[in-house]
Number of protein chains: 2
Amino acid sequence: MSKGVRTRAAILDEALSLMSTDGLSGLTIGLLAERTGLSKSGLFAHFGSKEQLQVAALQEAQASFTAHVIRPVLDLPRGLPRLEAFAEGWWAWNRSPPFPGGCPIQAASLELDDRPGPLRDEIAAAQRRLRAFIQQGAGMAVAAGHFRPDLDCTLFAFQMVGIAFAQTMTCRLLGEPEGLDFVRRAWRAQVTDAQGTHNQTGETSHEH
Amino acid sequence: MSKGVRTRAAILDEALSLMSTDGLSGLTIGLLAERTGLSKSGLFAHFGSKEQLQVAALQEAQASFTAHVIRPVLDLPRGLPRLEAFAEGWWAWNRSPPFPGGCPIQAASLELDDRPGPLRDEIAAAQRRLRAFIQQGAGMAVAAGHFRPDLDCTLFAFQMVGIAFAQTMTCRLLGEPEGLDFVRRAWRAQVTDAQGTHNQTGETSHEH
DNA sequence: AAAATAAACGAACGATCGTGCTATTGTCAA
DNA sequence: TTGACAATAGCACGATCGTTCGTTTATTTT
């Protein structure tokens with residue numbers, strides 16, 4: 001079992017490029033066949049349906065993200081150092097991922113948010129995993145004493161995701177070169193807030 | 001000049017629904033003609049090309065956002081009150097806009113970020129206007145003494161945009177009912193930070 | 001009411017979409 | 001080297017895509 005998986009990998013590689021620029025709906029079999037030098041039917045046989053191809057492409061995108069952004073920081077000490085490295089890696093990924101276009105997962109997240117099905121399930125699971133990773137990282141920082149003990153790690157993950165989306169909009173859509181600077185400053189503000197020794201997110205001690 | 005603009009408006013209304021669920025690339029002439037009860041060619045004649053139809057739909061989406069979210073808060077006093085009302089209106093819009101799907105502008109922002117052309121220009125201009133509005137709102141809050149004088153209003157707008165994107169992902173893609181709660185808390189944290197009397201975004205007073 | 005103009009239709013075009021078939025090629029183990 | 005089987009190609013299909021054109025029907029103006 002060798003030739004099959006090799007071409008399948010080549011197909012998925014090209015599929016990621018196509019998906020990053022043209023979106024999930026632009027990932028068409030004819031175009032993909034043309035770019036890989038295969039025939040439409042030959043390519044089609046590898047996946048059985050367009051939906052399965054899309055699912056495979058999404059999974060491949062996740063794998064790439066994990067390999068490029070997640071795995072490298074796992075060697076670092078838990079807590080703030082790992083979180084900081086992850087952040088910097090993520091901003092770098094968003095700005096120039098290993099595809100010609102932007103991050104396909106981010107794009108697909110807004111493309112599929114209203115169309116139930118396996119594709120949306122796949123992308124939703126990916127986003128849930130990512131948020132869980134951030135949340136756990138923040139939890140480790142709390143345990144290590146880097147972050148204040150009353151930090152809401154779920155909220156922390158929510159905010160970080162927001163920064164990432166805002167970055168994509170600023171850097172890719174608007175093309176503002178100072179976008180990365182905003183990202184870093186927003187992230188720094190968030191980290192500083194998480195470090196704060198006492199509760200400084202509520203006006204007073206009572207909430208609502 | 002009456003009948004033409006009336007049906008054109010009806011077409012655009014339906015186009016917004018379609019666009020919100022199926023994205024800009026899903027906004028197809030055949031489908032739109034079917035839903036409006038027109039013939040493909042009859043509909044087509046109103047716009048001259050698909051791209052012009054898409055541009056018109058995007059402009060209509062902007063107009064709807066302005067009417068529903070921006071305009072109502074302009075009556076409120078400048079500064080924090082107006083900003084707070086705008087925020088709440090925006091979160092409401094993101095959660096349940098007047099379309100069956102999510103906010104088309106947000107979706108298109110990530111869909112088009114790598115495809116230059118009139119469409120991207122249109123959406124980029126819209127996002128720039130929105131950020132300028134937020135920035136000015138924050139500036140008014142600074143002038144009114146509601147926010148600290150050294151607040152970076154551009155960064156403030158950047159962060160707010162991030163919250164909005166994170167909301168869409170949480171509420172629409174993941175379907176988490178507590179999403180709106182996260183949004184409010186993240187927004188409250190941002191406002192509190194902007195209110196802080198002295199600089200609390202940098203660790204110390206030096207900014208390097 | 002008649003003439004002028006605007007709006008919508010119907011049919012067709014070339015292209016591309018996703019997806020079935022059958023046949024042919026290539027690869028790997030015996 | 002041959003036989004088994006995986007991998008790919010070729011072709012065709014119905015559907016839909018955006019677009020053009022000529023015609024017909026509504027609307028507006030005179």
Side-chain angles (χ1 to χ4, degrees), chain A residues 1-19 21-60 104 108 111-112 115-120 122, chain B residues 1-19 21-60 104 108 111-112 115-120 122:
Chain A
M1 207 200 301
S2 171
K3 181 77 185 307
V5 296
R6 237 181 308 138
T7 57
R8 191 188 146 105
I11 292 172
L12 284 181
D13 185 68
E14 195 63 39
L16 282 200
S17 295
L18 198 49
M19 192 165 91
T21 58
D22 292 15
L24 248 182
S25 58
L27 180 54
T28 173
I29 291 186
L31 221 83
L32 192 53
E34 184 183 334
R35 295 210 190 176
T36 53
L38 291 178
S39 65
K40 266 174 52 173
S41 52
L43 189 149
F44 184 84
H46 279 274
F47 302 95
S49 79
K50 178 177 184 181
E51 195 172 55
Q52 286 177 269
L53 163 65
Q54 289 172 315
V55 169
L58 278 179
Q59 289 172 341
E60 187 72 10
E111 191 177 349
L112 298 175
R115 274 170 285 182
L119 283 171
R120 195 179 80 157
E122 184 68 37
Chain B
M1 205 202 299
S2 171
K3 179 79 186 303
V5 297
R6 239 181 305 137
T7 58
R8 191 189 145 104
I11 292 173
L12 285 179
D13 185 68
E14 195 62 39
L16 282 199
S17 295
L18 199 48
M19 191 166 93
T21 58
D22 292 15
L24 248 182
S25 58
L27 181 53
T28 175
I29 291 186
L31 218 75
L32 191 53
E34 186 183 334
R35 295 210 191 175
T36 52
L38 292 178
S39 65
K40 267 173 51 172
S41 53
L43 190 148
F44 184 85
H46 279 274
F47 301 95
S49 78
K50 175 174 185 181
E51 196 172 55
Q52 287 177 268
L53 163 66
Q54 290 173 315
V55 168
L58 279 178
Q59 290 173 340
E60 187 71 12
E111 191 177 350
L112 297 176
R115 273 170 285 180
L119 282 171
R120 195 179 81 158
E122 183 67 38

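Source: prediction; values computed, not measured. What you see below is based on every heavy atom in this structure, not just the backbone, and it leaves out hydrogens, waters and symmetry mates. All chains are named by letter (A, B, ...) in the order of the sequence lines, taking the proteins before the strands, and each is independently numbered beginning at 1.
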Below the 4.0 Å mark, does [N] have OP1 or OP2 next to a side-chain nitrogen or oxygen of [X]?
X	N	result
B:H46	C:dA8	yes
B:S41	C:dA11	no
A:K3	D:dA7	no
B:S39	C:dG10	no
B:S49	D:dG18	no
B:T28	D:dG18	yes

Side chain of A:S2, heavy atoms from C-beta onward: which of C:dC28, C:dC17, D:dT19 has the nearest atom to it?
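Within the option list, the nearest is C:dC28.
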
What is the separation between atom [atom1] on [X] and atom [atom2] on [N], rounded to the nearest whole Å?
X	N	atom1	atom2	result
A:Q54	C:dC17	CD	C1'	13 Å
A:E34	C:dG18	CD	P	13 Å
A:L38	D:dG10	CG	P	11 Å
B:L53	D:dT19	CG	C1'	13 Å
A:L32	C:dT16	CG	P	15 Å
B:L31	D:dC17	CG	C1'	11 Å
A:L27	C:dG18	CG	C1'	12 Å
A:F44	C:dT22	CZ	C1'	16 Å

Mind checking the [atom1]-[atom2] spacing from [X] to [Y]? Nearest 0.5 Å is all I need.
X	Y	atom1	atom2	result
B:D22	B:L32	CG	CG	11.0 Å
A:Q59	A:Q52	CD	CD	10.5 Å
A:R35	A:L43	CZ	CG	12.5 Å

Looking across every strand, which nucleic acid part, if any, lies under 4.0 Å from B:L43 by heavy atom: base, sugar-phosphate, or nothing?
nothing

Using a cut-off of 4.0 Å on non-hydrogen atoms, how would the nucleic acid contact of B:A45 be classed: base, sugar-phosphate, or nothing?
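If one applies the 4.0 Å heavy-atom cut-off, B:A45 turns out to touch nothing in the nucleic acid.
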
Nearest heavy atom decides the nucleotide; on that basis, is A:G37 or B:G48 closer to the 5' end of DNA chain D?
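The answer here is A:G37.
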
Tell me the closest heavy-atom pair linking A:L112 and A:R120, and the distance in Å.
O-CD, 3.1 Å

Compare every heavy atom of A:P118 with every heavy atom of A:E51, then report the nearest pair and how far apart it is.
OE2-CD, 3.5 Å

Quiz question: going by heavy-atom distance under 3.5 Å, is there a donor-acceptor pair between the base of C:dG10 and the side chain of B:K40?
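Such a pair does not exist between side chain and base.
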
